[in-house]
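What follows is a set of notes on a single structure, which appears directly below.
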Amino acid sequence: MRKTVLLLLLALLIPAAAQSQSSAPPNGTLSIREGRGIVQVDARGSMTGRVNGKITITDTKPYDSKRPVVYGAAKTTYRNVKTTVYQGKNIRFRLIGARFEFRIQGRAIFLSAIARGTGVIDGTGDPTANVFYDGVWSLNDSPYQSLPDDATSFNLAPASPQ
């Protein structure tokens, strides 16, 4: 009898749990390969990458358990309790599980994000300066394209159904 009641209770709880999880807004994706320029993101989710240059990270809730993980910085500057600037070659970072604001400036930018939020991207391709390739990016599972030459805003949100 107890097993039957337990199975009935579980059968009722599983669909309710699935329904509650699907109510959160879905994540978008951002991928940058061999980028050169500036990338700014304000998002909650999972973001990992590396850069030769500078990354400024603002942890909106610095006293929670979810902290940025950064390796390889030659120079670290603490602007305030929330904001830290890392500089160097081959800086690797991981921002997971909380809302972070970050700005990457440099070259050899590789970024992978599964998150919800907004951002701005600006490539530095300039044929007059002999910079013909500034990397590629893909937003929300769209095909890869060259980084934009002008600052371009974007939303991390899933692609609309076709």
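Annotation: side chain to side chain donor-acceptor pair (under 3.5 Å) contacts of Ser146 (sequence neighbours excluded): Asp134. Residues satisfying the side chain to side chain donor-acceptor pair (under 3.5 Å) test with Asp42, not counting sequence neighbours, are Arg99. Evaluation of the side chain to side chain donor-acceptor pair (under 3.5 Å) rule for Tyr144 yields Ser31, Arg33 as partners, not counting sequence neighbours. In this structure, the side chain to side chain contact (heavy atoms under 4.5 Å, CB included) partners of Asp122, at least two apart in sequence or on a different chain, are Ala151. For Ser112, the side chain to side chain contact (heavy atoms under 4.5 Å, CB included) partners are Thr48, not counting sequence neighbours. Residues meeting the side chain to side chain contact (heavy atoms under 4.5 Å, CB included) test with Ala43, sequence neighbours left out: Val41, Met47, Ala115, Leu156.
Residue Tyr71 belongs to a hydrophobic cluster whose other members are Val69, with links defined by side-chain heavy atoms closer than 4.5 Å. Summarising the hydrophobic clusters (Ile, Leu, Val, Met, Phe, Trp, Tyr; side-chain heavy atoms under 4.5 Å, direct or chained), the residues clustered with Val120 are none.
Residue-environment remark: CG (Asn80) exceeds the threshold of 12 foreign heavy atoms within 6.0 Å.
Taking CD1 of Ile121 as the start and OG of Ser153 as the end, the distance is 11.0 Å to the nearest 0.5 Å.
Between Phe154 and Thr152 there is no side-chain heavy-atom pair separated by less than 4.5 Å.
Evaluation of the salt bridge (charged side-chain N to carboxylate O under 4.0 Å, His left out) test over residues 45-63, restricted to residues two or more places apart or in two chains, returns none. The salt bridge (charged side-chain N to carboxylate O under 4.0 Å, His left out) pairs that include a residue from residues 62-77 number zero, where partners must be two or more places apart or lie in different chains.
No side-chain donor-acceptor contact under 3.5 Å links Ser46 to the backbone of Ile114.
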Please set out all donor-acceptor pairs under 3.5 angstrom arising from side-chain atoms of residues 81-97, sequence neighbours excluded.
from	atom 1	to	atom 2	distance (Å)
Thr83	OG1	Thr58	OG1	3.0
Arg92	NH1	Asn90	O	3.0

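When the side chains of ILVMFWY residues are joined at heavy-atom separations under 4.5 Å, either directly or via intervening members, Leu139 and Leu111 end up in a single hydrophobic cluster.
When every heavy atom of Val51 is checked against every heavy atom of Arg107, the shortest pair comes out as CG2-O, 3.7 Å.
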